[in-house]
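Take a look at the structure below.
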Amino acid sequence: MNMIELENVSKIFYPGKIPAIALQDVSLQVQAGEFLVVAGASGSGKSTLLNLIGLMDEPTIGKIIIDSVESNHKKEKELTHLRRNYLGFIFQSFHLIPTLTVFENVEHPLRNIERDIYKRRQMVETALNDVALLDYMQRYPNEISGGQQQRVSIARAFAKNPAIVLADEPTANLDFANGVSILQLMEKMNRQKKVTFILASHDPEILSMSHRQILLKDGKIMKDTSAKKGGDYEK
Amino acid sequence: MKNRILSIACDLFGFIKFIVKNIWRNRRRTIITMASIAVGTLTLVLLQSYVQTMDMGLKADAVQKQFGHIQIAANGYFEGDENSGEHMMSLDVVNLVTEKAMELKQVDFVNNRVHLTGIIGTQKKSTIFMGISGIPEAEALMAPTLLKGKLLSASDPYGIMIGNAMAKKLGVDIGESLIAFVSTASGSQEAISVKVRGIYDALMPEQEKVIIYMPINSAWDLMLEKSSHRILIFLNDPAKLDQISQIMQDFIQKNNLHLEVRSWEQLAVFIKQIVGMFQGMIMVVAVIVFLVIIFNIQNTMHMAIHERFREIGAMRAMGSSRMEIVRSFLAEGFFMGLFGALAGMAIALVLMPYINSLHLNLPPGPGSDKPTPIMFTASSAIFLHALLVNLFTAFFASIFPALKGSKIKIIDALRYV
């Protein structure tokens with residue numbers, strides 16, 4: 001079953017007089033539970049692709065379908081609903097709220113999803129337990145390490161049991177050991193929870209772990225390992 | 001159900017905690033903003049308390065010393081020349097109305113007054129006067145501040161009270177005799193000999209120079225007739241003003257008397273004008289103060305949004321709606337307004353009794369030679385008004401930045417460095 005479908009998607013920015021083509025005629029299907037890595041050099045369109053799948057931006061041309069729901073021309077309210085219920089995000093620089101504790105950071109996005117305080121607490125504790133941070137839940141982000149902050153970010157993304165988790169360069173701000181640990185954690189979450197995982201990265205460790213890789217260059221898919229298995233996609 | 005209520009309570013508590021923590025992120029900036037709100041609140045409370053003191057003083061003075069709570073006079077008296085010989089009530093009518101008023105338990109006492117003008121003086125000096133004559137016991141209750149001597153008394157029918165300025169002008173003191181001349185309604189000149197029984201002190205020197213208080217019997221002796229211009233009714237419960245006015249109105253109609261009833265509020269129009277003028281001045285000051293507060297809060301909120309740009313983007317990406325962002329920043333503005341206003345009110349509560357205890361004065365007002373005391377009367381209505389105005393201002397000032405914050409494009413916010 002396709003969890004994500006992109007049909008001839010292009011994204012053109014107009015930063016000045018000359019338009020910048022970030023993505024060009026990209027078509028892609030991602031199966032439910034797949035661990036997909038989007039690779040490519042800086043400026044290749046990785047983040048743009050993730051932003052479009054994450055419904056944070058709209059394609060200039062083409063269609064994006066999430067779990068059979070077409071996202072084009074949706075109202076902001078409907079997009080918010082889709083992001084809230086289908087998508088989890090892991091950011092390169094974590095984006096934890098500094099005034100909230102670890103527990104509160106994980107709980108914050110759940111306020112609109114689970115109204116029952118006891119069930120919500122349970123969800124937060126389960127997520128923190130999964131990332132081995134239950135003992136740190138009363139600490140503030142500035143009281144834990146970068147690796148731990150990214151674990152909190154992962155717990156936050158997974159706490160609501162999303163269908164899709166998007167991670168944009170999740171290990172870029174971490175040292176090697178922490179990076180490996182985070183990757184193993186993400187791989188474990190993908191395996192255990194059957195969540196569709198899309199990562200933008202050029203980290204070789206990540207590439208080696210993925211079920212499938214796509215390589216972007218100048219906004220075009222240059223290589224898709226699943227398609228390669230099919231025989232003719234590599235250009 | 002219990003679980004749901006608990007969840008709502010926990011969410012509300014969590015939201016307030018989140019807002020308060022956000023407010024305290026940049027403490028120095030928040031303290032400066034809240035200080036400006038506190039100063040605004042303090043200014044509003046002090047100005048309003050001062051005007052309220054003045055309003056209460058003027059009203060009490062107007063009722064006690066000038067008008068009573070209710071006045072009754074012949075038809076046309078209030079619209080005509082108040083001190084002319086026309087529109088007078090006969091003694092029978094005055095007694096009938098007075099008796100009816102005194103039957104009512106809400107009535108404290110009743111006076112009736114005659115106004116007359118003439119010349120008063122010694123053998124060497126004289127001056128014009130405006131005489132206010134009433135029942136001595138009632139006039140004693142209505143009298144201005146006595147500087148020397150005694151108040152009017154029924155046992156001294158020719159003992160009068162003159163102003164300090166008149167006493168100086170005529171060169172007389174307590175116990176000295178004066179001659180008062182008046183023209184009667186029939187056109188004849190009448191004179192009587194009176195004695196200075198008391199010397200009073202008034203706010204306005206003009207009042208001291210011309211107004212004398214005399215027992216009504218001496219006025220009747222001068223006018224050669226027993227009649228009155230007005231009946232003054234004093235209530236022991238001012239809240240019953242309308243009710244008693246109506247009772248007296250009904251009584252007048254039932255007895256077919258050609259009289260009119262007026263409340264002190266209808267007669268003391270000048271108080272409304274004076275207080276209105278001061279309230280207008282307060283309004284101007286309040287608008288300036290609150291414009292400063294609005295700019296200050298807007299600046300603070302814009303800075304907060306600028307600092308939390310990426311955070312807003314992340315929250316939006318994770319499913320926070322625009323409305324949640326708006327609500328969050330509006331709540332920050334609201335709480336800053338609340339804390340600032342509470343601080344301003346607390347300062348006002350401490351400052352007002354302290355300033356009152358210093359007995360400070362303003363320079364004399366127009367037409368007065370007495371300094372105006374600076375006194376504040378605190379009231380819950382003034383504090384509530386100041387609180388609400390501040391909360392509204394803070395909330396209003398936050399709307400534009402909050403809307404701006406909510407419209408941030410997520411990808412721009414996440415890319416923001």
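Convention: sequence-line order gives letters A, B, ...; per-chain numbering from 1.
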Is the shortest heavy-atom distance from the side chain of A/Y118 to the side chain of B/L6 under 4.5 Å?
yes
Just give me the residue among B/G313, B/G14, B/A314 that pairs up with chain A most often, heavy atom to heavy atom, under 4.5 Å.
B/A314
B/S321 OG to A/L79 CG distance, which is reported to the nearest 0.5 Å
12.5 Å
Flag if over 12 foreign heavy atoms under 6.0 Å of CZ, B/F396:
no
Looking at A/H95, is its backbone amide N or carbonyl O close enough to the side chain of B/R310 to form a donor-acceptor pair, meaning the two atoms are under 3.5 Å apart?
no
Look at atom CG of B/N361 and say whether more than 12 heavy atoms of other residues, nucleotides or ligands are closer to it than 6.0 Å.
yes
Regarding B/E324 and A/R111, does a basic nitrogen lie under 4.0 Å from an acidic carboxylate oxygen?
no
With a 4.5 Å limit on heavy-atom distance, are the side chains of A/H108 and B/M315 in contact?
yes
Hey, which of A/L100, A/L166, A/L96 has the most heavy atom pairs under 4.5 Å with chain B?
A/L100
Are A/L87 and B/M318 side-chain neighbours, meaning at least one heavy-atom pair lies under 4.5 Å?
no
When you compare the side chain of A/E76 with that of B/R322, does any pair of heavy atoms fall below 4.5 Å?
yes
If you count heavy-atom pairs under 4.5 Å between each of A/K160, A/Q92, A/E104 and chain B, which one has the most?
A/E104
If you draw a 6.0 Å radius around CZ in B/R4, do more than 12 non-hydrogen atoms from other residues or ligands fall strictly inside?
no
Flag if over 12 foreign heavy atoms under 6.0 Å of NZ, A/K63:
no
Answer yes or no: does atom NZ of A/K188 have more than 12 heavy-atom neighbours from other residues, nucleotides or ligands under 6.0 Å?
yes
I'd like to check A/R120 versus B/S7 (side-chain heavy atoms, cut-off strictly below 4.5 Å). Are they in contact?
no
Spatial distance of atom CZ (A/R115) from atom CG (B/D11) [nearest 0.5 Å]
7.0 Å
Among B/R316, B/K17, B/K409, who wins on heavy-atom pairs under 4.5 Å with chain A?
B/R316
How many angstroms lie between atom CD1 of B/I411 and atom CG of A/D57, to the nearest 0.5 angstrom?
3.5 Å
How many angstroms lie between CG in B/L414 and CZ in A/F89, if you round to the nearest 0.5 Å?
8.5 Å
Counting only heavy atoms not in B/H302, do more than 12 fall under 6.0 Å of its NE2?
yes
Rounded distance (nearest 0.5 Å) linking atom OG1 of A/T80 with atom CE of B/M323
11.5 Å
Under a 4.5 Å heavy-atom cut-off, does chain B meet the side chain of A/T48, its backbone, both or neither?
neither
Atom NZ of B/K404: over 12 foreign heavy atoms under 6.0 Å
no
When rounded to the nearest 0.5 angstrom, what distance separates CD1 in A/I97 from CG in B/N22?
8.0 Å
Applying a strict 4.5 Å limit to non-hydrogen atoms, the region of A/N112 in contact with chain B is side chain
Should B/E311 and A/P98 count as side-chain neighbours, where that means a heavy-atom distance under 4.5 Å?
yes
Count the heavy-atom pairs under 4.5 Å between each of A/T99, A/L55, A/I117 and chain B, then report the option with the highest count.
A/T99
For the OH atom on A/Y136, are there more than 12 heavy atoms of other groups (residues, nucleotides or ligands in this structure) within a distance under 6.0 Å?
no
With respect to chain B, which residue among A/D168, A/D116, A/N51, A/N85 yields the maximal number of heavy-atom pairs within a distance under 4.5 Å?
A/D116
